[in-house]
Amino acid sequence: MTISINAAFDSGNIVVESIDGTSARLSIRKDRESDFFQWFHFRVACNVGDALQLAITGLADSAYPDGWPGYAVCASTDRDHWFRLDTDYDSASGTLTVQHTAESPILWVAYFAPYSMERHHDLIASVAECEGVTYRCLGTSIEGQPIDCIEMGTGDIHVWLYARQHPGESMAEWWMEGALEKLTDPADPYARSLRRKCRLHIVPNMNPDGSCRGHLRTNYAGVNLNREWDNPTAERSPEVLCMRNAMDESGVDWAMDVHGDEAIPAVFLAGFEGIPSLKSEQMDKYKAFQTALAANTPDFQVDLGYVESAPGQANLSMSTTQLAERFGAVSMTLEMPFKDNRDLPDPVQGWSPERSKLLAHACLATLDQLL
Ligand code: ZN
């Protein structure tokens with residue numbers, strides 16, 4: 001039997017170029033109104049025992065070609081447990097090839113374990129019911145989806161946690177699920193302490209349109225939301241505008257913007273060292289958080305990361321730098337790998353939803369220690 005491939009579902013993205021028996025040549029659709037592409041998510045209907053060969057082509061032109069060497073494709077048979085497949089990348093042709101002997105009639109394949117909008121709504125619904133939690137809709141996306149915000153805590157330190165400006169970075173919402181589970185656990189001492197010291201504002205998905213559409217990096221209009229923070233508009237970036245307006249009302253003392261990085265095999269932070277108004281105590285707090293987090297979890301490190309901005313050269317269209325400049329906040333971009341933590345690899349799962357959630361626990365414990 002010839003296999004069949006389908007991606008007509010929430011966050012699905014693949015183009016079938018050709019199928020020959022149990023082999024397929026595929027490519028990735030670009031984000032709408034943009035040239036970015038890297039996220040894929042599709043299902044393969046086959047027979048148990050089929051020797052599947054799936055070749056994703058054209059990747060030399062993808063958003064992050066450095067993301068493919070050393071990367072292994074994620075797959076699941078039950079859409080719950082995700083594991084890695086044997087994957088080879090040929091940089092000369094820009095082709096990622098997966099070889100797999102089918103163990104079930106349907107194999108689900110994705111760039112990273114997906115976080116569906118259904119699961120997002122389940123998360124919001126379950127957390128909104130918890131004691132001491134307030135639900136707030138900050139606004140709507142271009143296509144009319146809610147920008148959901150969960151608030152809790154009675155302190156006067158305003159902490160903002162937000163994720164999925166880049167919708168293909170689904171590990172960011174797994175991190176959020178871990179954070180919300182910890183923060184709503186009545187027995188958790190760090191959560192109890194944080195809720196006494198802080199008012200927490202948590203936005204698990206800033207880009208629901210891009211998430212549904214299987215985008216890597218942009219919203220419905222093809223706009224990279226993390227380049228809009230100096231001048232968001234209702235036409236291009238209502239998702240940022242409504243959130244920045246809410247931040248202007250509350251103020252921001254600490255902020256964490258959660259992402260995934262395609263190329264670097266490590267968890268790391270990026271900060272705001274290049275902002276014009278940089279204060280040394282602001283930077284000291286950021287560095288103290290980084291040091292404490294590295295002590296709290298072996299999944300975090302400080303050696304690999306982005307090149308720092310020169311003094312005064314920060315790009316203020318990004319949220320981390322904009323919030324540091326605008327509010328004097330201690331703000332940070334947390335990056336998790338699509339590949340794995342090079343220093344603590346897991347050959348079966350690579351970086352995973354489970355590890356993303358545990359990292360959130362470590363981040364919150366660290367935050368509590370510093371406040
Ligand atoms: Zn990102």
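For ligands, and for the atoms within them, numbers begin at 1 and follow the listed sequence.
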Any chance you could lay out the side-chain hydrogen bond (donor to acceptor under 3.5 Å, both in side chains) test for Thr218 and Asn224, step after step, and finish with the verdict?
-> CA-CA 5 Å; Thr218 71; Asn224 176 355; over 6 Å; no
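Cation-pi geometry between Arg29 and Phe37 is not met at under 6.0 angstrom from the ring centre and within 45 degrees of the axis.
Ring geometry for Phe9 against His41 counts as perpendicular: the plane angle is over 60°, on a 0 to 90° scale with 30° as the lower cut.
Checked against the Zn ion (ligand 1), the N, O or S atom of His259 at the shortest distance is ND1. The N, O or S atom of His166 lying closest to the Zn ion (ligand 1) is ND1.
In this structure, the ring of Tyr111 has its center less than 6.0 angstrom from the ring center of Phe338.
For Glu169, the nearest N, O or S atom to the Zn ion (ligand 1) falls under 2.8 Å.
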